[in-house]
Amino acid sequence: QALGADSLEGVWELAVPPEIVRNSPEDRHHRMVFADGWFATFLGSQRSPASRIKVEPEYTPKRISGLVAGPSGLSMKPMHGIYEVDADILQLSLVPETVARPTQFRPEQPKYKRVTGKLAEEQLDALKLFAKKATTTNAGGVDAARPDQTDATPNGISRSVEPSDPTKH
């Protein structure tokens with residue numbers, strides 16, 4: 001997806017009042033990062049398991065699917081939903097894939113602001129590097145379509161495992 005004012009690609013964090021942000025070190029902010037067809041959350045330089053995503057900006061509202069959500073990689077569930085980017089503000093409404101996709105945003109849903117700066121660039125670069133390695137080696141990350149098809153490598157990073165093809169038995 002090309003970068004522009006309405007691009008999902010980048011680093012996002014919950015839009016909270018500036019006085020709250022000032023009292024919290026930047027490396028303690030939970031951030032969502034979207035890059036090269038992948039999604040991950042970060043706390044400082046610590047990345048959660050990444051998941052492949054599908055973005056469908058041709059729909060109104062725009063659609064997103066394949067996100068895998070869960071605290072620290074636990075209880076990982078494939079999610080889908082809708083999103084809208086207006087300049088540096090992201091509205092996102094996600095539900096488990098087993099639930100019908102939302103069709104509109106609710107007023108009480110939180111909004112996210114685009115984040116820039118050195119740490120944000122490092123987080124974006126880390127996900128892009130991961131995406132490149134995952135694409136070229138098929139290693140690393142969570143295949144959002146099959147989050148149950150993962151195994152851990154010795155360094156603790158999950159990698160996709162292709163499900164066996166029953167027609168080849």
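All values derive from a computational prediction rather than experimental measurement. What's counted below: heavy atoms across the whole structure, side chains too, no hydrogens, waters or symmetry copies.
The hydrophobic clustering, which links ILVMFWY residues whose side-chain heavy atoms are closer than 4.5 Å, places Tyr112 and Val16 together. Hydrophobic clustering, with ILVMFWY side chains joined whenever heavy atoms are under 4.5 angstrom apart, groups Leu14 together with Leu92.
Glu13 places none of its side-chain heavy atoms less than 4.5 Å from the side chain of His30. Looking at Val85 and Trp12, their side chains come closer than 4.5 Å, going by heavy atoms from C-beta outward. Looking at heavy atoms from C-beta onward, Val11 lies out of side-chain contact with Leu119 at the 4.5 angstrom threshold. Contact annotation: the side chain of Leu43 approaches that of Arg28 to within less than 4.5 Å [non-hydrogen atoms, C-beta and beyond]. Annotation: side chain of Phe34 is in contact with side chain of Leu67 (closest heavy-atom distance under 4.5 Å). Taking the side chain as every heavy atom from C-beta outward, Lys62 and Ile82 never approach each other to under 4.5 Å.
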Could you give me the CA-CA distance, side-chain angles and deciding distance for Ile89 and Lys113, then say whether side chain to side chain contact (heavy atoms under 4.5 Å, CB included) is met?
-> CA-CA 5 Å; Ile89 300 296; Lys113 65 177 181 166; 4.2 Å; yes
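Remark: Gln104 CD is loosely packed, at most 12 non-hydrogen atoms of other residues, nucleotides or ligands lying under 6.0 Å away. Atom CD of Gln46 has 12 or fewer neighbouring heavy atoms from other residues, nucleotides or ligands inside a 6.0 Å radius. The number of heavy atoms from other shown groups lying within 6.0 Å of NZ (Lys111) does not exceed 12.
Arg63 and Tyr83 make their closest contact through O-CE2, 3.4 Å (heavy atoms, listed as atom of the first residue, atom of the second, distance). Of all the heavy atoms in Pro102 and Gly81, the pair that sits closest is CD-CA, 3.8 Å. Scanning both residues, Ser51 and Gly66, for their nearest heavy atoms gives OG-O, 3.5 Å.
In this structure, the side chain of Gln109 engages the main chain of Arg106 through a donor-acceptor pair within 3.5 Å. Judged purely by atom type and a 3.5 angstrom limit, Arg114 uses its side chain to pair as donor or acceptor with the backbone of Glu9. The closest donor-acceptor contact from the side chain of His80 to the backbone of Thr98 lies at 3.5 Å or more, if one exists at all. Checked by atom type and distance alone, the side chain of Gln123 pairs as donor or acceptor with a backbone atom of Gly44 at under 3.5 Å.
Side chain to side chain, His29 and Ser24 meet the donor-acceptor criterion of an N or O pair below 3.5 Å.
Partners of Asp125 by side-chain contact (heavy atoms from CB on, under 4.5 Å), not counting sequence neighbours: none found. Every side-chain contact (heavy atoms from CB on, under 4.5 Å) that Ala131 has, sequence neighbours left out, goes to Asp36, Trp38.
A distance of 5.0 Å separates CG in Leu90 from CE in Met32, rounded to the nearest 0.5 Å. The distance from the NZ atom of Lys132 to the CG atom of Leu127 is 14.0 Å, given to the nearest 0.5 Å. Atoms OH and OG1, from Tyr59 and Thr103 in turn, are 14.5 Å apart once rounded to the nearest 0.5 Å. With rounding to the nearest 0.5 angstrom, the CD1 atom of Ile64 is 12.0 Å from the CD atom of Glu84.
For Arg31 and Glu26, the salt-bridge test passes: some basic side-chain N is under 4.0 Å from an acidic carboxylate O.
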